[in-house]
Amino acid sequence: MNTKKTLIHLAVAYVLATSYGAYAANTADVPCSTTEQCAAQAAKIGATVDKSQARGDKSESQFSWLNRINKASIVMLTEEGIVKPEMGRKIAGGVRFAIDQADKPGGKQPSDVLQLEQIMTDKIGPEASLIHSGRSRQDMLATYRLAKLRFQVLAYADALNSTRQRVLELAAKNVNTLVPAYTNGVQAMPISYAHYLLAFEAAFDRDGQRIRELYTRLNQSPMGTAVLANSAYPLNRERLAQLLGFDSVRENSLDSSQVSTYDIPLEAANIASSSAIRVGAMIGDIHTQYHQIRPWLLLDEGSTYTSSAMPQKRNPGLLMRARESASDVVGLAQTVTLRAHNVTTGMTDYKFAFDSLGLFASTKDMFDGMNSVLDALQVNPQRALDELESEWTTSMELADTLERQHKVPFRIGHSFASLIVTEARDNGTTPKTFPFADAQKLYTKAADKYNWTPNTLPLDEAAFRAALSPENMVKTRKGTGGPQPQEVQRMLAEARKTLSADQGWLQERRQKITQADGDLDRAFEKLLDSKG
């Protein structure tokens with residue numbers, strides 16, 4: 001028994017001794033000779049690794065952005081006198097070496113802060129670490145992640161605008177193309193296809209507004225807050241923000257790197273999801289046409305593929321791929337939300353989920369797919385009109401005409417039109433073929449139901465047929481935002497102006513970032529070339 005107790009005590013003592021004797025891993029202490037080795041070593045201990053480097057613009061990689069931050073840091077530290085000019089120039093030389101070596105044979109592009117610092121240290125000595133005065137991985141990575149989100153949100157806005165442009169071009173060709181509109185999945189009223197498209201363009205316009213509103217909140221710099229409570233160094237956060245292309249600083253230092261990292265990416269993800277839901281709806285509206293024997297809206301046959309077994313089939317693969325991408329966006333946006341749910345402040349789970357999951361890559365795929373669909377779309381105006389004239393989509397206008405022109409209470413007109421539709425569907429007649437004499441009898445029945453006199457139909461046959469005409473119903477609409485051609489043309493012109501303004505806003509934001517990059521490079525080169 002005593003022997004067992006002794007062994008247990010020895011085992012506990014050994015565990016305690018070896019535990020306290022272990023050191024936390026320092027990614028800079030383990031040499032790595034390639035980018036891949038550096039990444040593997042960082043990943044082995046759970047340090048942040050850039051998983052998105054293979055996707056998108058190389059200039060937006062984590063390595064590239066750490067170098068930008070290093071440039072801005074040493075410029076600011078020298079300007080503020082925290083680092084002496086001679087030392088600032090020396091450290092700037094280390095930053096330049098780290099950047100230049102990456103493109104040479106055997107060069108490394110680590111995404112870990114300490115691995116990158118080690119490259120500088122190997123070149124200029126331990127003074128390289130003075131660049132880290134008053135900062136931390138926390139504010140550096142928060143800054144990089146916001147910059148990456150900024151890049152992706154602007155790319156999203158660009159892709160959205162591209163689809164909006166195509167929607168407007170298609171609308172301009174179909175101002176007079178009459179098509180059925182649906183509620184509850186049932187034909188409701190005739191509108192123009194341009195009117196339909198402008199409804200979705202208006203929704204995409206709202207997403208554009210959301211992006212611009214988000215950008216104001218997004219483009220605020222966390223840099224200079226160290227871990228979360230600032231440092232004892234008098235860092236010039238405003239200067240860092242300016243050099244890195246941010247419009248301002250995010251004021252509260254805890255919010256900057258730990259709390260805003262929840263809601264800013266969530267907001268961006270949910271706007272993308274909003275767009276995806278509308279893209280899915282448009283795709284669904286087109287796809288239902290493939291259920292019909294005589295569709296009026298199809299993809300160009302050259303943009304479909306044949307069945308391997310059924311000769312009659314023309315499969316609309318473009319629709320399915322675009323809808324799949326839209327579904328991916330919705331799903332990934334929800335995953336971004338779930339990654340942030342019930343996670344305590346400061347954890348990494350939620351901070352970069354939008355990129356590691358590839359949310360905005362899927363958003364680009366979605367808009368590219370939607371553009372392919374719009375480019376291939378073939379509208380058959382005559383077939384769409386046939387669809388309207390084969391159904392009773394204008395029956396509401398019959399009731400409206402009786403009310404407007406003859407003061408017949410709407411409920412009587414509605415009852416009359418409903419009786420016609422019931423009988424017409426029983427005997428297979430259409431608005432053009434329904435017997436006028438039968439209409440007169442049904443009006444009398446409807447009027448007698450409400451004890452209305454006179455109980456004779458106040459319309460002659462020409463007026464009866466006109467009230468049931470899709471062209472007449474669309475042209476006689478009144479008020480702002482209706483499907484009447486003149487109003488559609490006005491809305492189309494306004495939508496073009498709005499899109500142009502949005503494109504201008506996007507160009508200005510990108511120009512401002514490019515200008516900041518140029519200012520940073522000039523300030524850095526000036527320091528590098530200074531006499532110290």
Side-chain angles (χ1 to χ4, degrees), residues 170-171 174-200 281-282 284-298 377-406 408 410-436 438-440 442-443 446 457 459 461-479 481-488 491:
L170 188 59
N174 288 280
V175 172
N176 295 303
T177 300
L178 302 186
V179 301
Y182 300 82
T183 62
N184 300 309
V186 180
Q187 272 200 35
M189 296 176 72
I191 59 172
S192 68
Y193 194 50
H195 189 254
Y196 168 90
L197 291 168
L198 286 172
F200 280 90
M282 290 185 75
D285 286 346
I286 298 167
H287 215 162
T288 56
Q289 289 287 308
Y290 280 84
H291 302 174
Q292 310 304 317
I293 297 174
R294 299 181 63 218
W296 53 267
L297 189 63
L298 292 173
L377 208 56
Q378 300 292 308
V379 185
N380 187 329
Q382 185 55 54
R383 177 66 197 96
L385 183 60
D386 291 345
E387 182 90 3
L388 287 167
E389 291 179 337
S390 297
E391 189 41 81
W392 290 86
T393 313
T394 56
S395 58
M396 176 180 160
E397 176 57 18
L398 181 58
D400 282 348
T401 297
L402 288 168
E403 181 181 353
R404 284 197 317 269
Q405 297 180 8
H406 301 282
V408 176
F410 179 78
R411 198 52 57 200
I412 295 174
H414 185 281
S415 179
F416 165 52
S418 182
L419 289 169
I420 289 178
V421 170
T422 299
E423 185 168 315
R425 286 176 175 164
D426 285 342
N427 59 32
T429 52
T430 67
K432 283 188 172 182
T433 62
F434 191 85
F436 181 64
D438 290 351
Q440 292 173 310
L442 291 174
Y443 179 82
L457 180 62
L459 303 174
E461 184 168 1
F464 172 74
R465 302 293 179 196
L468 293 172
S469 162
E471 296 98 326
N472 180 71
M473 184 171 181
V474 169
K475 287 178 181 178
T476 57
R477 296 305 89 188
K478 304 292 183 184
Q484 61 271 32
Q486 184 175 2
E487 181 63 4
V488 168
M491 289 190 289

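Quantities reported herein were computed from a predicted structural model and do not represent experimental measurements.
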*Asks:* With rounding to the nearest 0.5 Å, note down the distance linking CG in Leu298 to CD in Gln292.
*Replies:*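 Leu298 atom CG to Gln292 atom CD measures 10.5 Å (nearest 0.5 Å).
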*Asks:* With no hydrogens and no angle check, is any side-chain donor or acceptor of His195 less than 3.5 Å from a backbone partner on Gly481?
*Replies:*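 Confirmed, His195 side chain pairs with Gly481 backbone.
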*Asks:* His287: which residues meet the side-chain hydrogen bond (donor to acceptor under 3.5 Å, both in side chains) condition with it, sequence neighbours left out?
*Replies:* Arg323
*Asks:* Restricting to side-chain hydrogen bond (donor to acceptor under 3.5 Å, both in side chains), what partner residues turn up for Lys432, sequence neighbours left out?
*Replies:*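 Counting only residues at least two positions away or on another chain, Lys432 forms a side-chain hydrogen bond (donor to acceptor under 3.5 Å, both in side chains) with Glu389.
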*Asks:* Quick check: closest heavy atoms across Ala194 and Val488, and the distance to 0.1 Å?
*Replies:* CB-CG1, 3.7 Å
*Asks:* Can you sort out the partners of Met396 under side chain to side chain contact (heavy atoms under 4.5 Å, CB included), two or more places apart, ordered by chain and number?
*Replies:* Met189, Asp400
*Asks:* Quick check: do Asp386 and Trp296 have side-chain heavy atoms less than 4.5 Å from each other?
*Replies:*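 No, too far: nothing below the 4.5 Å cut-off.
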*Asks:* Under 3.5 Å, which donor-acceptor pairs do the side chains of residues 464-472 form with other protein atoms, sequence neighbours left out?
*Replies:*
from	atom 1	to	atom 2	distance (Å)
Arg465	NE	Glu461	OE2	3.4
Arg465	NH1	Pro431	O	2.8
Arg465	NH1	Phe434	O	3.0
Arg465	NH2	Phe434	O	2.7
Arg465	NH2	Glu461	OE2	3.1
Ser469	OG	Glu471	N	3.4
Ser469	OG	Glu471	OE1	3.1
Ser469	OG	Asn472	N	3.2
Asn472	ND2	Ala466	O	3.1

*Asks:* List in chain and number order the residues that pass side-chain hydrogen bond (donor to acceptor under 3.5 Å, both in side chains) with Asn427, two or more places apart in sequence or in another chain; answer none if no residue qualifies.
*Replies:*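 With sequence neighbours excluded, Asn427 shows a side-chain hydrogen bond (donor to acceptor under 3.5 Å, both in side chains) to Thr429, given in chain and number order.
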*Asks:* Would Leu459 and Leu402 satisfy side-chain contact (heavy atoms from CB on, under 4.5 Å), going step by step from the backbone distance to the final call?
*Replies:* CA-CA 8 Å; Leu459 303 174; Leu402 288 168; 3.8 Å; yes
*Asks:* Only distances under 3.5 Å count here; give the side-chain donor-acceptor pairs of residues 175-188 to other protein atoms, sequence neighbours excluded, each with its distance to 0.1 Å.
*Replies:*
from	atom 1	to	atom 2	distance (Å)
Thr177	OG1	Asn174	OD1	2.9
Gln187	OE1	Thr393	OG1	2.2

*Asks:* Could you please spell out the steps behind the side-chain contact (heavy atoms from CB on, under 4.5 Å) verdict for Ile286 and Gln289?
*Replies:* CA-CA 6 Å; Ile286 298 167; Gln289 289 287 308; 5.6 Å; no
*Asks:* Listing request: all side-chain hydrogen bond (donor to acceptor under 3.5 Å, both in side chains) pairs with a residue in residues 414-424, at least two apart in sequence or in separate chains.
*Replies:* none
*Asks:* Restricting to salt bridge (Lys or Arg N to Asp or Glu O under 4.0 Å), what partner residues turn up for Asp438, sequence neighbours left out?
*Replies:*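 So Asp438 forms no salt bridge (Lys or Arg N to Asp or Glu O under 4.0 Å) with any residue.
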*Asks:* Using the test salt bridge (Lys or Arg N to Asp or Glu O under 4.0 Å), find all partners of Arg425 that sit at least two apart in sequence or belong to another chain.
*Replies:* Glu391
*Asks:* Output all residues satisfying side chain to side chain contact (heavy atoms under 4.5 Å, CB included) with Ala281, sequence neighbours left out; order by chain, then residue number.
*Replies:* Phe200
*Asks:* Run the ring-ring contact (aromatic ring centres under 6.0 Å, His included) test against Tyr443 and tell me which residues pass, sequence neighbours left out.
*Replies:*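 Result, ring-ring contact (aromatic ring centres under 6.0 Å, His included) vs Tyr443: Phe416.
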*Asks:* Run the numbers on Tyr193 and Leu170 for side-chain contact (heavy atoms from CB on, under 4.5 Å), then give the verdict.
*Replies:* CA-CA 9 Å; Tyr193 194 50; Leu170 188 59; 4.0 Å; yes
*Asks:* Side chain of Ser390, backbone of Glu387: donor and acceptor closer than 3.5 Å?
*Replies:*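 A pair under 3.5 Å: no.
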*Asks:* State whether the side chain of Arg383 and the backbone N or O of Arg294 hold a donor-acceptor pair below 3.5 Å, judged by distance alone.
*Replies:* yes
*Asks:* At what distance, to the nearest 0.5 angstrom, does CG of Leu388 lie from OG1 of Thr430?
*Replies:* 12.0 Å
*Asks:* Got a sec, which residues hit side-chain hydrogen bond (donor to acceptor under 3.5 Å, both in side chains) with Thr401, two or more places apart in sequence or on another chain?
*Replies:* Glu397
